[in-house]
Amino acid sequence: MGKMEYLAMKTEDGPAAASIESDLRELGLAARKLANHAIKLGGGIGFGTTFLKFLASIAAIYLLILDRTNWRTNMLTSLLVPYIFLSLPSSLFSLLRGEFGKWIAFIAVVLRLFFPRHFPDWLEIPGSLILLLAVAPGFFAGTIRDGPVGVLICLAIGCYLLQEHIRASGGFRNSFTQSHGLSNTLGIVLLLVYPIWRMVLHFL
């Protein structure tokens with residue numbers, strides 16, 4: 001008798017469970033459609049991406065300045081040059097890739113070749129960045145920079161610099177407590193925000 005009652009209850013619960021599963025599937029589809037429509041509209045999403053590009057570029061420039069002043073380490077901070085190249089907002093990228101950037105690159109090369117005493121060491125990496133922006137082939141300036149490959153390179157650079165900084169600081173806790181540790185760590189973390197955001201948008 002008890003077995004029959006159990007089977008009857010299970011039979012009654014079957015349609016209810018199926019209905020709940022169906023409702024959950026519909027909610028998932030609705031949420032996915034909402035995310036896709038928000039991305040297609042692109043107003044807030046596009047502004048957020050541009051803002052994060054500016055933020056990442058500013059963080060990379062800030063870390064370059066620290067490296068030239070009081071944050072000299074054995075890390076490959078020259079990797080910040082390709083990071084800036086790949087993450088620089090389109091408006092600044094177009095400006096520096098045009099005639100304005102070419103003139104700056106030309107002056108930097110002339111100073112480095114003929115007036116080396118007037119070309120300080122701290123200008124070498126910024127000069128390399130301007131030169132890279134001015135002469136990079138269209139494949140790198142367009143296809144790689146604007147595609148998922150460029151985002152993956154930025155993510156790899158950010159992860160490498162973060163783990164190297166933590167190792168050089170003697171651990172995760174020390175990277176936040178040592179002199180200039182907090183600002184350096186936050187600057188490197190900001191390098192990861194933009195590529196992670198782009199990856200999330202890519203998979204939505």
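As the structure is a computational prediction, the values presented were derived from the model and not from experiment.
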Residues in side-chain contact (heavy atoms from CB on, under 4.5 Å) contact with Leu55, at least two apart in sequence or another chain | Phe51, Leu52, Leu190

Considering residues at least two apart in sequence or located in another chain, which fulfil the side chain to side chain donor-acceptor pair (under 3.5 Å) criterion with Arg97?
-> none

Identify whether Ile130 and Phe100 are in the same connected component of the hydrophobic contact network (ILVMFWY, side-chain heavy atoms under 4.5 Å).
-> yes

Please say whether the positively charged group of Arg145, taken as NZ for Lys or CZ for Arg, lies over the ring of Phe93, i.e. under 6.0 angstrom from the six-membered ring centre and within 45 degrees of the axis.
-> yes

Return the set of residues passing side-chain contact (heavy atoms from CB on, under 4.5 Å) with Phe139 (not counting sequence neighbours), or none when no residue passes.
-> Thr143, Ile144

Set of side-chain contact (heavy atoms from CB on, under 4.5 Å) partners for Leu131, sequence neighbours left out = Ala105, Val109, Val135

CD1 of Ile61 to OG of Ser57, rounded to nearest 0.5 Å, is 6.0 Å

Could you list the donor-acceptor pairs under 3.5 angstrom formed by side chains in residues 81-91, with sequence neighbours left out?
unit_1: Tyr83; atom_1: OH; unit_2: Leu191; atom_2: O; d: 2.4
unit_1: Ser87; atom_1: OG; unit_2: Tyr83; atom_2: O; d: 2.8

Distance from Leu63 atom CG to His165 atom NE2, nearest 0.5 Å?
-> 9.0 Å

Any chain of hydrophobic side-chain contacts (each under 4.5 Å) joining Leu155 to Ile58?
-> no

If you measure from OG1 on Thr49 to CZ on Phe54, what distance do you get to the nearest 0.5 Å?
-> 12.5 Å

According to the salt bridge (charged side-chain N to carboxylate O under 4.0 Å, His left out) rule, which pairs have a member within residues 102-116, sequence neighbours left out?
-> Arg112-Glu124

Roughly how far, to the nearest 0.5 Å, is CG of Leu80 from CG of Leu64?
-> 4.5 Å

Heavy atoms only: give me the nearest Leu79-Ile157 pair and the separation to one decimal.
-> O-CD1, 3.6 Å

With Leu111 via side-chain contact (heavy atoms from CB on, under 4.5 Å) - residues at least two apart = Ile107, Phe115, Phe119

